[in-house]
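Values below: every heavy atom of this structure, side chains too, minus hydrogens, waters and symmetry copies. Just so it is clear, the structure is predicted and the values come from calculations on it, not from any experiment.
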Amino acid sequence: MAREPFLLTRLDSDIPHRSDISTRLREHLMRLRGHEIDDTVEIWDDTTGAVSEHDLTRIHRRATAYVERLRTASGTAHLKPDEKARLAEVKDGVRAMTVKTEARADEIAAGLHAQMPWMAPATEAAWHALRRCAQRGAPVFQLPPLLLIGPPGIGKSHWARALAAALGVPTTLVDAAAEAASFSVAGMQRGWANAAPGKPLDTILNHGVLNPLVIVDEVEKAGAVRDTSGTRHNLTEALLALMEPISAARWECPFYRVPFDMSGIGWIMTANSRRGLPEPLLSRCPPLMLPALSLSDLIGFAEREGAARGLTAPALDAVIEALHQQRDRTPALSLRLVQRMLDRAEQLERRPVLN
């Protein structure tokens, strides 16, 4: 992975000390007045009389003002030592995943489609983005925001995690139905008891990868909350600020209060229906409509996933038989149910045999 700029400010820990600036100014003044600097003699041991006490006062004043301006410009003087230490880890940039060849793009898309063929609209959108990245030789793979709409339990979030695994990038999940979903995305201003950066920024800082995938689950259920000052916080507004390329490229975190380049994040939002989705989100992310699962879809998934887990043929047959028995019952069959069945079968097979 290449390294790309991420922290868009200078840490005040990198700012030179006032004494260093003062020394450089005094050396410069002595040279201007025709005196050579002897490296074997301390610069402040001036026996030539080239620098007066008045000069020293001015030098110290200018050095102090210069350092203070640098600290103010850095915007990090307000941070605690542990917060500065965390940002110092990314001051020289973070890694960025890219797709170098169209063959690799085709391989990723083919793997996703073989695993979850009913997610073809989502896989096709990702495939086109992967191929564009390879064709342009882009140093950073940028997945356009995806809005996946389909019945619950068809594996929308599972598909997103499978894509992240194929790309080799980290992922994080935001529950849009949670009361503080907007804070989970953007973070919370310091001063609050539970102030912290948002999950997307946390993921980049934790893994050192510029372009993770962020899954926003059940985005149609998002509401708005108000803080103690009465300010309204809306998930859609938080999302749009991070999705728009211009604003995301220099986005200021409410917690750290410094700018970051968040434009590499891939956003995958899921919803069970269009009802409740705000128009700004729909216009920014044309929805991809996904079909309900059929019994054959679920059986195919169980066979592929079971084989990957190393389940025996009798165990897989038992899972498939259970799916046939469940087909007409409620709640409806879902990918979650299949995964629970596979988990149970795996536990039974690996259970120690008692003598």
| request: Measure from the side-chain N and O atoms of Thr171 to the backbone N and O of Leu213, and report whether any donor-acceptor pair falls under 3.5 Å. | output: yes
| query | Going by an N to O cut-off under 4.0 Å, is there a salt bridge joining Asp55 and Arg26? | reply | no
| message | With no hydrogens and no angle check, just 3.5 Å: does a side-chain donor-acceptor pair link Thr270 and Asp217? | response | yes
| said: Looking at Arg304, I want to see if its CZ is surrounded by more than 12 non-hydrogen atoms of other residues, nucleotides or ligands under 6.0 Å. | reply: yes
| Would a distance-only check, ignoring hydrogens and angles, find a side-chain to backbone donor-acceptor pair under 3.5 Å from Arg104 to Val99? | no
| request: Find out whether Arg275 and Ile149 are in side-chain contact, i.e. whether some heavy atom of one side chain is under 4.5 Å from a heavy atom of the other. | output: no
| field | Smallest separation among heavy atoms of Thr236 and Pro280, with atom names | value | CG2-CB, 4.5 Å
| Heavy-atom closest pair, residues Pro287 and Arg274 | CG-NH1, 3.2 Å
| said: Could you check whether any side-chain N or O of Glu220 sits under 3.5 Å from a backbone N or O of Asn272, counting only pairs where one atom can act as donor and the other as acceptor? | reply: yes
| query | Should the pair Arg24-Glu27 be classified as a salt bridge under the 4.0 Å nitrogen-to-oxygen rule? | reply | no
| Verdict with reasoning, Thr203 to Asn206, per side-chain hydrogen bond (donor to acceptor under 3.5 Å, both in side chains) | CA-CA 5 Å; Thr203 302; Asn206 289 339; 5.8 Å; no
| said: Using side-chain heavy atoms (C-beta onward) and a distance below 4.5 Å, is Val338 in contact with Glu305? | reply: no
| task | Tell me whether Val209 is reachable from Ile215 by hopping between hydrophobic residues (I, L, V, M, F, W, Y) whose side-chain heavy atoms are closer than 4.5 Å. | result | no
| query | Would you find a donor on one side and an acceptor on the other, under 3.5 Å apart, between the side chain of Asp202 and the backbone of Lys199? | reply | no
| note | Heavy atoms of Ala138 and Thr98 approach each other most closely as O-OG1, 2.5 Å
| field | Flag if over 12 foreign heavy atoms under 6.0 Å of CD1, Ile246 | value | no
| said: Is it true that Asn211 and Arg95 share a donor-acceptor pair across their side chains at a distance under 3.5 Å? | reply: no
| task | State the CE-CG distance between Met262 and Leu8, to the nearest 0.5 angstrom. | result | 10.5 Å
| query | Please walk me through it: do Leu335 and Leu298 pass side chain to side chain contact (heavy atoms under 4.5 Å, CB included)? | reply | CA-CA 7 Å; Leu335 214 62; Leu298 292 169; 4.1 Å; yes
| query | Can you hop from Val219 to Met289 via hydrophobic side chains spaced under 4.5 Å? | reply | yes
| message | If I take atom CZ from residue Arg340 and atom CZ from residue Arg336, how far apart are they, to the nearest 0.5 angstrom? | response | 8.5 Å
| Stepwise side chain to side chain contact (heavy atoms under 4.5 Å, CB included) test for Leu148 and Met119 | CA-CA 9 Å; Leu148 311 181; Met119 296 292 293; 4.1 Å; yes
| query | Same cluster or not: are Ile108 and Ile268 linked, directly or through other Ile, Leu, Val, Met, Phe, Trp or Tyr residues, by side-chain heavy atoms under 4.5 angstrom apart? | reply | yes
| request: Over all heavy atoms of both residues, which pair between Lys156 and Ala271 is shortest? Give the atoms and the distance, please. | output: CE-O, 3.5 Å
| Smallest separation among heavy atoms of Gln142 and Ser263, with atom names | NE2-O, 2.9 Å
| task | Spell out, yes or no, whether Leu147 and Leu173 are grouped together once hydrophobic residues are joined by side-chain heavy atoms under 4.5 Å, including indirect joins. | result | no
| task | Report the C-alpha distance between Leu242 and Val214 in whole Å, list the side-chain angles of each, state the deciding distance to 0.1 Å, and finish with yes or no for side chain to side chain contact (heavy atoms under 4.5 Å, CB included). | result | CA-CA 11 Å; Leu242 285 161; Val214 178; over 6 Å; no
| said: With side chain to side chain contact (heavy atoms under 4.5 Å, CB included) as the criterion, how do Leu288 and Glu124 come out once you've worked through the C-alpha distance, each side chain's angles and the decisive distance to 0.1 Å? | reply: CA-CA 10 Å; Leu288 298 175; Glu124 184 176 1; over 6 Å; no
| Does Met243 offer a backbone N or O that forms a donor-acceptor pair with the side chain of Arg284 under 3.5 Å? | yes
| task | For the pair His158 and Phe301, name the ring-plane relationship: parallel under 30°, tilted 30 to 60°, perpendicular over 60°. | result | perpendicular
| message | Hydrophobic clusters here meaning ILVMFWY residues chained together by side-chain heavy-atom distances under 4.5 Å, can you tell me if Leu316 and Leu348 are in one? | response | no
| remark: Tightest non-hydrogen contact, residues Thr101 and Ala134, listed as C-CB, 3.4 Å
| query | Do Trp118 side-chain atoms and Ile154 backbone N/O form a donor-acceptor pair below 3.5 Å? | reply | yes
